[in-house]
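First up is the structure itself, then whatever we jot down about it.
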Number of protein chains: 2
Amino acid sequence: MPHNHQQDLGRAELKFDAFKDLLHISKEDICRRFFLENRESIRIKKEDVAVRNLVKIFDAALAISNKKGFPTMSMRDLSAGTGLSMGALYNCFSSKDDLLDMIQEQGRTVVIKILTDCTSGVDDPRQKLRRTVQTHLYLSEVMQPWFYFSYMETKNLGKEEHKRAIESELATEKVFLDIIEEGISSGIFSPVDAGLTAAAIKATLQDWYLKRWKYERRKVTVEDYSHFLVDFIESYILTEKN
Amino acid sequence: MPHNHQQDLGRAELKFDAFKDLLHISKEDICRRFFLENRESIRIKKEDVAVRNLVKIFDAALAISNKKGFPTMSMRDLSAGTGLSMGALYNCFSSKDDLLDMIQEQGRTVVIKILTDCTSGVDDPRQKLRRTVQTHLYLSEVMQPWFYFSYMETKNLGKEEHKRAIESELATEKVFLDIIEEGISSGIFSPVDAGLTAAAIKATLQDWYLKRWKYERRKVTVEDYSHFLVDFIESYILTEKN
DNA sequence: GTCTATATCTGGATAGAC
DNA sequence: GTCTATCCAGATATAGAC
């Protein structure tokens, strides 16, 4: 029986370790759900086989692409990385471009769901903001390869998928925008430019998964960064403006 | 007689239009200087010809790469984009990878010079910070294609150039780090985590040239963004911490 | 379902005429 | 210095045996 992780995440206390464990085991679940929803474009019929291969493929594709870039990754690279032959690979997707779309799709659905669910039951805008920042950071920590990939490979997408990627970017930004506007109109936040503020928040969140080497080298943990960011943002939106 | 733009920029009032005009005319100068310093790796001997071609090549390479990515840009694309034949192209560089390095090199030298020169004669850390933020934004506005390119194509560089790119990234971050630390130790800034703060500043600066479509669509000007950013940052470092 | 072998194509780089 | 024509390495995708 499939377990609803999103709800747990919503209620969880947002310690990173708990968050991490919860999501990590569900990697196969994600692929399973993906398989069930995309049966038509996958030649393999046995669920277990398909899921096993998909997990390998997504993992390897992200790892290799994030080092060399998706266009530079050859199917032979992927074959070596997964341990699957070319033929086996092409049973899971119909073309390299198709694979690209699959990767995008697969992550996007997870992200927006978790990000909107995480504030269910929270009313205070300040709490909402904190929790959303934290959840975004934790999520991008767990799914770092996907976040990085998604950011860097947008330009390689086809027209249709490219549009979707942009919409997705704006959608997560809008989550912050809404919280900020709510906070302003209820008088809890100062009357800042909500659009620019949301953009700035997004930019700093992105830095966490894009420049991970930097933070790793400096031994900054997600929790460190999370606390810092909340302070940084709150200093601005809680300070009275003239 | 070559004109020293850096000094002018140092003294200028930092209105964007003035900044822009000053730098725009010097695009050829940059290529000329580049040619003179890299004569050995360029087969063309006549200065004028070389400069004319280099300008075309850099412009087209950046434009095409920023749309499709450098690895996806074929030399035939570049040939079409510049109006030069394959043979003519290969007279200006010895390989596609060489071209990549040339582009990196060309921009890097400009950036670090301008960024360090812009605060000459300024003592107050707060002023310094403002001016550096502003200069960085203006510069990345004028050289947006290069900044974008440099960010997105880092992973395609060879080992040596990759190292340089990272050093360069850290170098500009260090400019902010130094200012912040100076401000803290002189008691003007609050005792914030200077490293994380510098990183956050960098992240928001990068957003300006990486997500330009977003700000363009919302009709945010560089000056708008600059003012917002300075406010945002100062709220944090000027607020007393407990 | 998975493998190997291969058809087909594309892209970087060069040779040699002008 | 620049052009065209061409070579060849390496990539995607498939066919057909197991």
Side-chain angles (χ1 to χ4, degrees), chain A residues 31-32 35-36 38-58 60-61 64-65 67-103 153 156-158, chain B residues 31-32 35-36 38-58 60-61 64-65 67-103 153 156-158:
Chain A
C31 284
R32 189 171 311 265
F35 167 71
L36 294 173
N38 293 28
R39 273 210 148 125
E40 65 281 8
S41 60
I42 300 171
R43 256 199 290 270
I44 299 180
K45 284 303 152 214
K46 280 175 73 175
E47 188 173 316
D48 288 349
V49 180
V51 172
R52 178 161 39 90
N53 286 359
L54 281 174
V55 171
K56 274 192 214 163
I57 290 173
F58 286 144
I64 300 170
S65 295
K67 205 175 288 188
K68 330 200 316 181
F70 185 80
T72 315
M73 175 190 74
S74 72
M75 298 310 280
R76 287 180 180 87
D77 290 337
L78 188 59
S79 169
T82 54
L84 295 168
S85 70
M86 301 279 289
L89 289 179
Y90 275 91
N91 271 341
C92 293
F93 48 80
S94 56
S95 73
K96 199 186 171 187
D97 282 337
D98 186 41
L99 171 61
L100 181 55
D101 293 349
M102 280 167 59
I103 295 174
E153 306 297 344
N156 300 312
L157 296 167
Chain B
C31 283
R32 175 152 303 149
F35 167 71
L36 294 174
N38 293 20
R39 274 209 147 126
E40 66 281 6
S41 59
I42 300 170
R43 257 199 288 271
I44 299 179
K45 286 302 151 214
K46 281 175 75 176
E47 188 173 315
D48 289 349
V49 180
V51 171
R52 177 162 38 88
N53 286 359
L54 281 175
V55 172
K56 274 192 215 162
I57 290 173
F58 286 144
I64 301 170
S65 296
K67 204 175 289 184
K68 329 200 315 180
F70 185 80
T72 314
M73 175 190 75
S74 72
M75 297 310 282
R76 288 172 178 86
D77 289 338
L78 188 59
S79 168
T82 54
L84 295 169
S85 69
M86 300 280 287
L89 289 180
Y90 275 91
N91 272 339
C92 294
F93 47 79
S94 57
S95 74
K96 199 185 174 191
D97 283 337
D98 187 39
L99 171 61
L100 181 56
D101 294 349
M102 279 167 61
I103 295 175
E153 307 297 346
N156 300 311
L157 296 168

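The structure displayed is predicted, hence computed values, not measured ones. So you know, we letter chains A, B, ... as the sequences are listed, proteins then strands, and number each from 1.
Of the possible polar contacts, one joining the B:K96 side chain to the B:M73 backbone as a donor-acceptor pair under 3.5 Å is found. A donor-acceptor contact shorter than 3.5 Å is absent between the side chain of B:S79 and the backbone of B:M75. Between the side chain of A:E153 and the backbone N or O of A:L100 there is no donor-acceptor pair closer than 3.5 Å.
Here the CZ atom belonging to A:R52 is positioned 12.5 Å from the SG atom belonging to A:C31, to the nearest 0.5 angstrom. Atom NZ in A:K56 sits 11.5 Å away from atom CG in A:L78 (nearest 0.5 Å). In this structure, the separation between CG on A:L36 and CD on A:E47 is 5.0 Å, given to the nearest 0.5 Å.
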Give every pair of a protein N or O atom and an N or O atom of nucleotides 12-14 of chain D that lie under 3.5 Å apart, one pair per line with the distance.
residue, atom, partner, partner atom, Å
D:dT12, OP1, A:M75, N, 3.4
D:dT12, OP1, A:K96, NZ, 3.3
D:dT12, OP2, A:M75, N, 2.7
D:dA13, OP2, A:Y90, OH, 2.7
D:dA13, OP2, A:K96, N, 3.0

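Taking all atoms of both residues into account, the shortest heavy-atom contact from B:L54 to B:I42 is CD1-CD1, 4.2 Å.
Under the rule for a ring-ring contact (aromatic ring centres under 6.0 Å, His included), the partners of B:Y90 that lie at least two apart in sequence or sit in another chain are B:F93.
For B:L89 and D:dA5, the CG to P distance is 17 Å, given to the nearest whole Å.
Among the protein residues, B:N53 comes within range of the sugar-phosphate backbone only, with heavy atoms under 4.0 Å from sugar or phosphate atoms but none that close to a base.
Contacts between chain A and DNA chain C, taken as any atom within less than 4.0 angstrom of a protein heavy atom, begin and end at C:dG1 to C:dT4.
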